[in-house]
Amino acid sequence: MTSHFYEVALFGEFFSRDFKPIMNRITLHSESSEPMHTREVVFEPVDAQHQRDMGNEPVLLRAKKELEEPDSPWMLYSHLKPESVRVHPEATVRPWATVQVIGDVLSFAGAMGYARKSQVYKRGYVFRRGALAIQMFQQEQVDQKTQDPIPVHTDTLWEVEVKTASPIRNTQEKPLSHYIDAVVEVQILMKGLLDLRRQDL
């Protein structure tokens with residue numbers, strides 16, 4: 001039996017007018033926080049359309065780089081289909097494969113038979129709480145000419161992702177339920193201010 005790595009997550013969004021109380025409550029219940037500015041490039045298999053025509057959903061590959069840290073490497077990762085809501089009704093639980101890439105990630109993905117589908121920049125904050133990372137960000141669109149991020153409008157929605165900071169295994173010592181309880185704890189802490197829920201991506 002293969003032992004997958006997993007990500008456990010909950011998601012939410014809010015309007016800018018609610019920023020301060022949500023920021024304050026997350027800060028109060030976190031160990032640390034720092035600014036985040038991430039570039040994310042999404043790749044799909046070259047034969048993605050053929051796979052869809054055959055009734056299969058192609059596995060997307062995502063490349064992520066933290067722009068706040070000049071020397072940070074590209075992280076290449078892929079999420080597989082989330083486990084059924086019947087198995088995990090409280091949170092999104094999905095197999096997660098990840099690898100660090102030195103050098104040109106675009107060429108690397110191309111060599112693996114993937115083509116660039118889209119890219120986005122995420123700017124905001126990341127908080128640490130035990131084994132969890134709480135990301136609070138707005139998505140910046142990309143200038144098609146320069147490929148640089150375009151500053152967000154003031155009314156752009158804020159997104160929140162509460163998830164395990166690194167891939168985890170389902171072990172006897174630390175079963176998945178341990179991490180599900182941790183994200184549900186944040187869901188309860190944010191009740192009344194922010195609705196955190198599972199989503200099937």
Side-chain angles (χ1 to χ4, degrees), residues 2-13 34-84 88 91-126 132-152 156-169 183 198-201:
T2 58
S3 177
H4 281 300
F5 282 105
Y6 291 94
E7 176 188 77
V8 176
L10 285 171
F11 306 86
E13 54 193 29
E34 55 192 41
M36 71 172 256
H37 193 202
T38 308
R39 181 184 175 196
E40 277 191 24
V41 185
V42 180
F43 301 90
E44 65 178 11
V46 177
D47 67 345
Q49 194 50 55
H50 175 68
Q51 289 189 35
R52 289 190 184 99
D53 293 343
M54 300 296 287
N56 300 319
E57 197 48 47
V59 173
L60 299 180
L61 204 54
R62 296 170 188 270
K64 186 169 77 170
K65 185 175 175 64
E66 186 47 61
L67 303 176
E68 291 283 335
E69 303 155 25
D71 299 327
S72 74
W74 279 97
M75 185 68 73
L76 204 58
Y77 68 99
S78 185
H79 290 126
L80 300 182
K81 195 173 161 44
E83 304 218 332
S84 159
H88 298 295
T92 301
V93 176
R94 52 193 176 183
W96 183 15
T98 175
V99 62
Q100 276 195 4
V101 179
I102 308 299
D104 182 2
V105 73
L106 304 180
S107 300
F108 184 81
M112 290 173 63
Y114 279 78
R116 186 152 91 172
K117 180 173 185 264
S118 62
Q119 76 167 327
V120 73
Y121 289 82
K122 296 177 177 179
R123 187 190 289 272
Y125 307 90
V126 61
L132 304 181
I134 303 171
Q135 293 185 348
M136 190 167 114
F137 59 87
Q138 292 173 303
Q139 287 200 24
E140 298 174 315
Q141 296 311 307
V142 179
D143 184 309
Q144 291 311 313
K145 281 195 185 124
T146 64
Q147 295 297 303
D148 289 334
I150 301 167
V152 296
T156 299
L157 272 180
W158 282 86
E159 297 175 51
V160 179
E161 296 181 0
V162 179
K163 55 192 180 184
T164 40
S166 54
I168 53 164
R169 284 186 188 276
V183 297
R198 59 163 282 146
Q199 65 187 34
D200 290 310
L201 295 171

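This is a predicted model, so every value here is computed, not measured.
- Separating the OH atom in Tyr121 from the CD atom in Gln141 is a distance of 12.0 Å, to the nearest 0.5 Å.
- Contact check on Arg39 versus Glu140 returns no salt bridge, with no Lys/Arg side-chain nitrogen under 4.0 Å from an Asp/Glu carboxylate oxygen.
- Residues Val59 and Leu80 form a side-chain contact, since some pair of their non-hydrogen atoms from C-beta on lies under 4.5 Å apart.
- Between Lys163 and Leu132 the shortest side-chain heavy-atom distance does not fall below 4.5 Å.
- Taking every heavy atom of both residues into account, Ala91 and Leu10 meet most closely at CA-CD2, 3.9 Å.
- For the residue pair Glu44 / Gln49, no side-chain donor-acceptor distance below 3.5 Å is found, with atom types taken as modelled.
- When each of His50, Arg52, Gln51 is paired with Met54, the side-chain contact (heavy atoms from CB on, under 4.5 Å) condition holds for His50 and for no other.
- Without hydrogens or angle criteria, Ser118 side chain to Val42 main chain gives no donor-acceptor distance under 3.5 Å.
- A side-chain donor from one of Glu159 and Gln139 sits under 3.5 Å from a side-chain acceptor of the other.
- The structure places CE of Met36 at 10.5 Å from CD of Glu34, a figure rounded to the nearest 0.5 Å.
- Remark: side-chain polar atoms of Thr92 are not paired, donor with acceptor, to backbone N or O of Arg198 under 3.5 angstrom.
- Counting heavy atoms from C-beta on, the side chains of Ile150 and Val142 never come closer than 4.5 Å.
- In this structure, the side chains of Gln100 and Trp74 stay at 4.5 Å or more apart for every pair of heavy atoms.
- In this structure, the side chains of Leu106 and Val41 come closer than 4.5 Å at one or more pairs of heavy atoms.
- The stretch residues 59-72 participates, sequence neighbours left out, in these side chain to side chain donor-acceptor pair (under 3.5 Å) pairs: Thr38-Glu66.
- Remark: Lys122 engages Glu40 in a salt bridge, criterion side-chain N to carboxylate O under 4.0 Å.
- Salt-bridge check for Arg94 with Glu83: failed, with every basic side-chain N at 4.0 Å or more from each acidic carboxylate O.
- Side-chain N or O atoms of Asp143 include one that pairs as donor or acceptor with a backbone N or O of Lys145 at under 3.5 Å.
- To the nearest 0.5 angstrom, Phe11 atom CZ is 5.0 Å from Glu161 atom CD.
- Each of Leu61, Thr98, Leu60 was scored for a side-chain contact (heavy atoms from CB on, under 4.5 Å) with Tyr77, with one residue passing: Thr98.
- Proximity of Val105 to Leu76: side-chain heavy atoms (C-beta onward) are separated by under 4.5 Å at one or more points.
- Taking the six-membered ring where the residue is Trp, His79 and Trp96 present tilted rings, their angle falling between 30° and 60°.
- Geometrically, Arg169 engages Phe5 in a cation-pi contact, judged by NZ or CZ lying under 6.0 Å from the ring centre and within 45° of the ring axis.
- Here the CZ-CZ distance, from Arg116 to Phe43, works out to 7.0 Å after rounding to the nearest 0.5 Å.
- Side chains of His37 and Pro149 form a contact here, defined as non-hydrogen atoms less than 4.5 Å apart.
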